[in-house]
Amino acid sequence: MRKISIFGATGSIGSNTFDLIRRDKAAYDVVALSGAGNIALLAAQAKEFNAEIAITALPERLDDLRDALSGTSIEVAAGADAIAEAAERKVDWGMSAIVGAAGLRASMALARHGGILALANKESMVCAGDLLLAECAAHGTKMLPVDSEHSALFQAMNGEDAKTLRRLILTATGGPFKDFTTEQMRGVTPEQAVKHPKWNMGQRISIDSASMFNKALEVIEAKYIFACKPSQIEVVVHPEAIVHSMVEYVDHTIIAHMGSPDMRGAIGYALHWPSRAPNPIKPLDFATLGSLSFASPDEARFPALRLARETLSMGGHAGAIFNAAKEAALDAFIAKKIGFLDMADMVEKTLYHPQLESIRDENQSSIAHVLAADAQARALVNAQI
Ligand code: NDP
Ligand code: MG
């Protein structure tokens, strides 16, 4: 039996992971599961798989979790430290699927097991890519990207010589406001922004897709995972979401990864790697699809992509600052305290804020330093709201 843990078990990625492991229950021995506010689902998952420990991120919900699991032998715990500690429990396969920089400590702990780190939490790579990859290398852990674009790129590089790579082409659907003017975007609500045209995901990543901050994070994520130059990473808008990303080689051959837009593809790949296994995803029918379209992203309407490139050129803790500013601005947008377009303005101001200059330019030396940069960036954004 394979020992596994799932951090962010109650979310969209977590639920899709359960959908897959439920089909072959006898193969998995569940160690730790974490969630936050959805105690009923966390308890149900822990019972179904007889987990060793269930942890909520929210200390004020510990009693609810304890009540929900009373009469079982499942341990309960709460808080960020408890999640980080549970992630140290030895597993063969760990899913990092907490949303936001809050997932960083779990990713780092899972990187120390020498097994497989299935990384959905792109923020870990954006904030601390150097540290996370070094931790994986030091412990012989294989990091498998779960973000669909990066899983696609990883698969398109199977057996290829990395030195012959020419370009990575990340696809983006363009989100619900693909054809909106800047004026139209000014007034959009969180309810409109969350309606992703193709992918069914959590609230925060869906809104990030509408602003293209999600693609911006993915550009930074790709630079770390595939150790390429920022100039080798391109983004193309592909509304059908059938091509999940492409790799071009020096001979101008392009290998594209295609499939239905369903996260169980990338999760299943990480679960069964280096093999492949059948999954419940709808097969593609090209005759029904008819045609696929591609276009350049409009960086004037979606400044997030330009900001991602500027972040990459800064290096150090710029990724942590970029992400934290984005998270704080997103919180304010969801709370209807700022408008949709204000998010990019706030991220830009924070990225270039003179008060953050020294910490921004420091090399990533420890998670404590990354988290300090994160906290300072959030404080600056919150002071403007
Ligand atoms: P969801 O919002 O659906 O789920 C987030 C999970 O994290 C839930 O289990 C939630 O608990 C938990 N959580 C929320 N806040 C905290 C916190 N402060 N500390 C610890 N746990 C917390 O997110 P998604 O599943 O959509 O995304 C998860 C990660 O995967 C993100 O990094 C996202 O960018 C990435 N990703 C997601 C994709 C998708 O298809 N959804 C695609 C590619 C990448 P609870 O629900 O109990 O409150
Ligand atoms: Mg993605």
Side-chain angles (χ1 to χ4, degrees), residues 5-19 32-46 54-61 64-65 68 77-84 86-87 95-107 118-127 144-154 170-173 175 194 196 198-209 212-222 225 235 238 241 243-245 257 261-267 269-270 323 326-327 330-331 334 374 378:
S5 285
I6 304 172
F7 293 89
T10 50
S12 162
I13 292 284
S15 300
N16 276 314
T17 308
F18 275 101
D19 182 78
L33 298 176
S34 86
N38 196 344
I39 300 295
L41 181 58
L42 180 60
Q45 291 171 334
I55 318 102
T56 166
L58 309 175
E60 67 274 20
R61 301 300 304 276
D64 295 336
L65 182 60
D81 289 346
I83 291 179
M95 167 59 83
S96 172
I98 289 173
V99 65
L104 178 54
R105 290 171 70 197
S107 298
L119 187 74
N121 180 266
K122 66 191 83 187
E123 296 89 345
S124 296
M125 213 36 101
V126 171
C127 298
L144 295 173
V146 170
D147 212 348
S148 61
E149 295 76 2
H150 306 72
S151 174
L153 294 168
F154 183 92
L170 274 78
T171 52
T173 62
V194 84
H196 196 277
K198 289 288 172 191
W199 294 94
N200 183 10
M201 309 182 288
Q203 180 202 39
R204 299 179 73 85
I205 183 174
S206 297
I207 300 177
D208 284 348
S209 297
M212 293 200 81
F213 266 109
N214 179 51
K215 208 52 52 182
L217 295 176
E218 291 181 357
V219 167
I220 302 173
E221 181 186 12
I225 294 180
V235 174
H238 166 49
V243 176
H244 297 148
S245 280
H257 177 288
D262 185 325
M263 283 310 294
R264 292 174 300 180
I267 298 168
Y269 184 77
N323 178 68
K326 191 281 297 172
E327 287 193 35
L330 177 60
D331 287 338
I334 293 171
D374 173 289
R378 279 174 209 263

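Atoms within each ligand, like the ligands themselves, are counted from 1 in listed order. Fair warning: this is a prediction, and the values are worked out from it, not measured in the lab. Scope of the values below: all heavy atoms of this structure, side chains included, with no hydrogens, waters or symmetry mates.
The backbone and the side chain of M201 each have at least one atom closer than 4.0 Å to an atom of ligand 1 (non-hydrogen atoms only). With a heavy-atom cut-off of 4.0 Å, A102 touches ligand 1 through its side chain alone. Only the side chain of E123 comes within 4.0 Å of ligand 1, counting heavy atoms alone; its backbone N, CA, C and O stay farther away. With a 4.0 Å cut-off on non-hydrogen atoms, A120 touches ligand 1 through its backbone as well as its side chain.
Given atom 25 (O) of ligand 1, the protein heavy atom at minimum distance is I13 N, 2.9 Å. Atom 4 (O) of ligand 1 has G11 CA, 3.1 Å as its closest protein atom, hydrogens excluded (heavy atom only). The protein atom (non-hydrogen) at minimum distance from atom 10 (C) of ligand 1 is T10 OG1, 3.9 Å. Shortest contact from atom 41 (N) of ligand 1 to any protein heavy atom: S12 OG, 3.2 Å. Regarding atom 20 (C) of ligand 1, its nearest protein heavy-atom neighbour is A57 CB, 3.4 Å. Nearest protein heavy-atom contact of atom 23 (O) of ligand 1 is V99 CB, 4.0 Å. Looking only at protein heavy atoms, the nearest one to atom 13 (N) of ligand 1 is A36 CB, 3.8 Å.
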- Item | Verdict with supporting geometry, I267 and M95, side-chain contact (heavy atoms from CB on, under 4.5 Å) | CA-CA 9 Å; I267 298 168; M95 167 59 83; 4.0 Å; yes
- Item | S148 vs M263, side-chain contact (heavy atoms from CB on, under 4.5 Å): CA-CA, chis, key distance, verdict | CA-CA 7 Å; S148 61; M263 283 310 294; 3.9 Å; yes
- Message: Could you go through I83 and I98, starting from their C-alpha distance and side-chain angles, then the distance that decides it, and tell me whether this counts as side-chain contact (heavy atoms from CB on, under 4.5 Å)?
- Response: CA-CA 10 Å; I83 291 179; I98 289 173; 4.0 Å; yes
- Message: If you apply the rule side chain to side chain donor-acceptor pair (under 3.5 Å), what do you find for N323 with K122, and how did you get there?
- Response: CA-CA 10 Å; N323 178 68; K122 66 191 83 187; over 6 Å; no
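The ligand atoms of ligand 1 that sit less than 4.0 angstrom from a heavy atom of N121 are 32 (O). Applying the 4.0 Å criterion to heavy atoms of G202 picks out, from ligand 1, the atoms 3 (O), 26 (O), 41 (N). Near G8, with a cut-off below 4.0 Å to any heavy atom, the atoms of ligand 1 are 6 (C), 7 (O), 9 (O). Residue-ligand proximity, N38 to ligand 1, at heavy-atom distances under 4.0 Å covers atoms 45 (P), 47 (O), 48 (O). Of all atoms in ligand 1, listed by their number and element, those nearer than 4.0 Å to a heavy atom of G35 are 11 (O), 47 (O). Close approach to G37 involves these atoms of ligand 1, each under 4.0 Å from a residue heavy atom: 45 (P), 47 (O), 48 (O).
Taking the Mg ion (ligand 2) as reference, D147 places its N/O/S atom OD1 nearest. Looking only at N/O/S atoms, E149 comes nearest to the Mg ion (ligand 2) through OE1. E218 has its closest N, O or S atom to the Mg ion (ligand 2) at the position named OE2.
If you check each of I205, D147, I98 against atom 29 (C) of ligand 1, the one with the closest non-hydrogen atom is I98.
Between H244 and H257, the angle of the ring planes lies from 30° to 60°, which puts this pair in the tilted group.
A distance of 9.0 Å separates CG of N214 from CD of E221, quoted to the nearest 0.5 Å.
Checked by distance only, ligand 1 and N214 stay at 3.5 Å or farther apart across all their nitrogen or oxygen atoms.
Within the 4.0 Å heavy-atom cutoff, A97 counts among the residues contacting ligand 1. Residue contacts with ligand 1: K122 is included, with a non-hydrogen atom under 4.0 Å away.
Residues R204 and D331 are in side-chain contact: their nearest non-hydrogen atoms beyond the backbone lie under 4.5 Å apart. Looking only at side-chain heavy atoms (C-beta outward), L217 and K326 come within less than 4.5 Å of each other. A 4.5 Å side-chain heavy-atom check between P145 and L119 finds every atom pair outside the cut-off. Two residues are said to be in side-chain contact when any heavy atoms from C-beta on lie closer than 4.5 Å; E123 and E327 meet this criterion. You'll find the side chain of F154 stays beyond 4.5 Å of the side chain of I225, heavy atoms only. Proximity of T10 to L33: side-chain heavy atoms (C-beta onward) are nowhere separated by under 4.5 Å. Residues E218 and V235 have side chains not in contact (no heavy-atom distance under 4.5 Å, counting atoms from C-beta outward). You'll find the side chain of T17 stays beyond 4.5 Å of the side chain of V146, heavy atoms only.
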